[in-house]
**Q** 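One structure, as structure tokens, below. Some questions next.
Worth saying up front: this structure is predicted, and the values here are computed from it rather than measured.
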Amino acid sequence: MEYNPEFLSQCFLHTLSPQPEPRRAAESKLAELADHPNYALAVLRLVAEPSINEQIRHAAAVNFKNHLRSRWAPSPDSSFTPILDAEKDQIKTLIVTLMLSSTPRIQSQLSESLSLIGKHDFPKSWPTLLPELVSNLRAASQSNDYASINGILGTANSIFKKFRYQYKTNDLLLDLKYCLDNFSAPLLEMFLRTAALIDSMVSSGGGSPVTLKPLFESQRLCCRIFFSLNFQELPEFFEDHMKEWMAEFKKYLTNGYPVLESSAEGLGLVDELRAAVCENISLYMEKNEEEFKDYLNDFAQAVWTLLGNVSQSSSRDSLAVTAIKFLTTVSTSVHHTLFAVDGVIPQICQSIVIPNVRLRDEDEELFEMNYIEFIRRDMEGSDIDTKRRIACELLKGIATNYKQQVISIVSVQIQNLLTSYAANPAAHWKDKDCAIYLVVSLSTKKAGGTSVSTDLVDVQSFFASVIVPELQSQDANAFPMLKAGALKFFTMFRNQIPKPLVLQLFPESEENQYIMKSIMRVLGVAEITPEIAGPCIAGLTSILAEVCKNPKNPIFNHYLFESVAVLVRRACERDISLIPSFETSLFPRLQEILGNDVTEFLPYAFQLLAQLVELNRPPISDTYMEIFKLLLSPDSWNRNSNVPALVRLLQAFLEKAPEKVTQEGRLAQVLGIFNRLVSAPSTDEQGFYVLNTVIENLDYGAIAPYVGHIWNALFSRLQIKRTVKFIKSLSIFMSLFVVKHGSANLVDSMNSVQAGIFLVILEQFLIPNLKLITGRIEVKLVSVASIRLICESPALLDAGAVRHWGKMLDSIVTLLSRTEEDRVGDEPEMPDIAENAGYTVSFVNLYNAGKKEEDPLKDIKDPKEFLATSLAKLSALSPARFPQIINENLDPANQAVLLQICSTYNCPIV
């Protein structure tokens, strides 16, 4: 498709409009164009056109980046059309040169775009990238073009990051070796050249912030690349040149740069470089201690001195944390004797630990904005990268070898802090918080259990004198952070505190989400007898009646519905005689939700109703049939947030009452719902769930009058917007059709809509996408259906369809030859609802009311065996055609796999 640059330019201009109408129209048009081939290339060429306004080009660059993010390598269930390989090759040819010649704002976007491509293609599918980057880096270095230098280094930093977090495998190490061989020397050359420029400018006094900033950014990027390339193991090149690297690292930790550090922005840039250096020396301390030991004393002294000069400003937190982490690593190593010198541990406590543990204004602001998140991070220990936590980790590290000294010094500090608080509680409440935090953070877990202990204080005495006064305070809003600290102390040491005292301290709130979550967990594991089930469902529905009046705590309410669902599942599956009493308790509440349109609870109500329908034995009662009528009304489907739950309920009716579906025109209404859902990409998967359930549960005689309409709806959607997710769903539907109603009905019904369309759909969509199917049941279904098609369908056994037959077999073998991990999706687990969640229009799934997957092919245990036996029977009937078809159409690797499968099951093919 040809793209008019002027038209594209106008579209991007309108996306910047403050007026919603032209902006939305332009965004819609661009989204439509994005589905066509060569769209990304056209946008990239627009970005490269210097005659176009930079604001428009920047908007196009952002669009280009986002387009690549969603379409360069879309996930199998994505609704986006992937970029074609030919277009990808042209983009990779152009993007580096264009990035380096662009203005900074556009360069930043193109650098991110290049990194997105590199994440998927580098190095195997883009071998020219690294040589091109190195060549351009050396050219830019000669002209001191630091805009280009930093663009190249930023890109290299992004594509090398994978070496930090991916597991060590042979493939990863081969990629790493390739990068080391090509980039280690240029990196060191660039780092030393820039270091010399900085030294020259600083010593001559000629450096200005404008000239120094890009140089410091370049050094920071070099340090981050150093970290990536050294993360897996110490490379030979870096070991040989360790002296050069370490000399420069030490200089950045010990030297001052007043020209930059006089401004907040400049100080931040220098601190970022120092933090990167600290991460590098920490990495060497952890992984290459023997090779690094000769440099350790100098770096320990440099970091120690640096920490003494770092202020309490939050802007320097990152540097402080990484510096303290380095000292913590040293404290637990064989070089811990650095801390044995007289006065060192007291100085650490006084100058590093106490100042960093004390609450700051920023901490108070964070607590006020989201106290639940603050407490959660503190309780879970996910605040490990805060100065507060890491300072205590340093003390714990030192205590590994100098426990008594640490206990003696910190105990005195705790008493001093409490004395300060007692002298003026209102002014010095942070001292008390600091004391409590030290006790909690320096506690140790007892071996073999979850309880903790401390040698700093007597727990019961400390609880009575320090903690209880906070928890019994009449003013609940006074010093809330101090109360949070007190609650954490109680949580940590709960096993050492008398229960009668605890019960006096904590009257429970009405909607405590943690208690409701605990109830759900208990119901999930307890033995639910009828004697227990009755009071439990009565209590839960009583609570449900109250929250229906004013839903205000979404987390509590979610766990309430999960508790009801798990109780229904575990009690009624065990004893179906309980179903009527459960319905008596639940129906008034569910009818109240539906009748009063309690929007927040509608998806939950539909899921619980689906669960109850599935548990019932036929015939379905009139009460449920009234709900079924409501379900078939088009108005019920207007809210997208309700659609998954409504589909779940509709599936339950189709499975439990198929005879009711075929009466009074209900099937036409059901298929109308399918048509509505499948026409939109956001709900097409839900539409297939409805259609698959119809195909699986109704006789073909009932379906036949509507099959032509079904294919028309699917073919129309395929023409308008074909996505990987849709094609996968279509493949699964066609497979289910085959195993339930036979290959002849599938082929004939498709060809009755359009002559020959079956082979067209097979070749263009089914064959190329079989390999994308995942999930144990789905893979089995699709492979068995495909085997039946090639072994039973006259349309494929016809001499004119030999090529289709061979390609289909090749795709079947590819699907079945994948490893179990690739073919089987992850088992769903009970999700944890975000603590700061609020009510939204999105659907929330009830894990405990989930639909059980049914295998439509229970009689077939192994699809590989089914393939071998089916081909053996077919081969016996026409032995002459097999060798040639297989040789011409199957990949050589697949030929070997097929022969192995047939040999394994003793079903040789001629």
**Q** Indicate whether the side chain of R193 and that of S141 have a donor and an acceptor atom separated by less than 3.5 Å.
**A** yes
**Q** Return the set of residues passing side chain to side chain donor-acceptor pair (under 3.5 Å) with D433 (not counting sequence neighbours), or none when no residue passes.
**A**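 Expected list: R388.
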**Q** Under 3.5 Å, is there a donor-acceptor pair between the T194 and Y146 side chains?
**A**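 Their side chains do contain a donor-acceptor pair, which is all the 3.5 Å distance test asks for.
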**Q** Are side-chain N/O atoms of T155 and S111 paired as donor and acceptor at under 3.5 Å?
**A**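 There is such a pair between these side chains.
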**Q** Does F556 have its ring centroid less than 6.0 Å away from the ring centroid of Y514?
**A**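 Between F556 and Y514, the centre distance exceeds or equals 6.0 Å.
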**Q** Tell me if the aromatic rings of Y257 and F216 count as close, with their centers under 6.0 Å from one another.
**A** yes
**Q** Taking C-beta and beyond as the side chain, do T454 and V440 meet within less than 4.5 Å on heavy atoms?
**A** no
**Q** side-chain contact (heavy atoms from CB on, under 4.5 Å) with V410: which of I345, L395, V353?
**A** L395
**Q** Relative to each other, are the rings of F249 and F226 parallel, tilted or perpendicular (30° and 60° limits)?
**A**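 Correct class here is perpendicular.
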**Q** Donor-acceptor pairs under 3.5 Å, side chain of residues 456-469 to any protein atom, not counting sequence neighbours: which ones?
**A**
residue : atom : partner : partner atom : Å
D458    : OD2  : S461    : N            : 2.8
Q460    : NE2  : Q496    : O            : 3.1
S465    : OG   : S461    : O            : 2.9

**Q** Just so I know, are the side chains of M242 and L234 near enough to count as touching, which here means a heavy-atom distance under 4.5 Å?
**A**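 The answer is yes, as the side chains (C-beta and beyond) meet within the 4.5 Å cut-off.
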**Q** So which of Y284, W245, F191 actually passes ring pair (Phe, Tyr, Trp, His ring centres under 6.0 Å) with F238?
**A**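 Of the listed options, the one satisfying the test is W245.
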**Q** Enter the distance from D317:CG to K387:NZ here, rounded to the nearest 0.5 Å.
**A**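 The distance works out to 4.5 Å.
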**Q** Please list all pairs meeting side-chain hydrogen bond (donor to acceptor under 3.5 Å, both in side chains) that have one or both residues in residues 337-349, counting only residues at least two apart or in different chains.
**A** none
**Q** With a cut-off of under 6.0 Å to the ring centre and 45° to the axis, is K287 in cation-pi contact with F231?
**A**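 Judged by the rule, K287 and F231 form a cation-pi pair.
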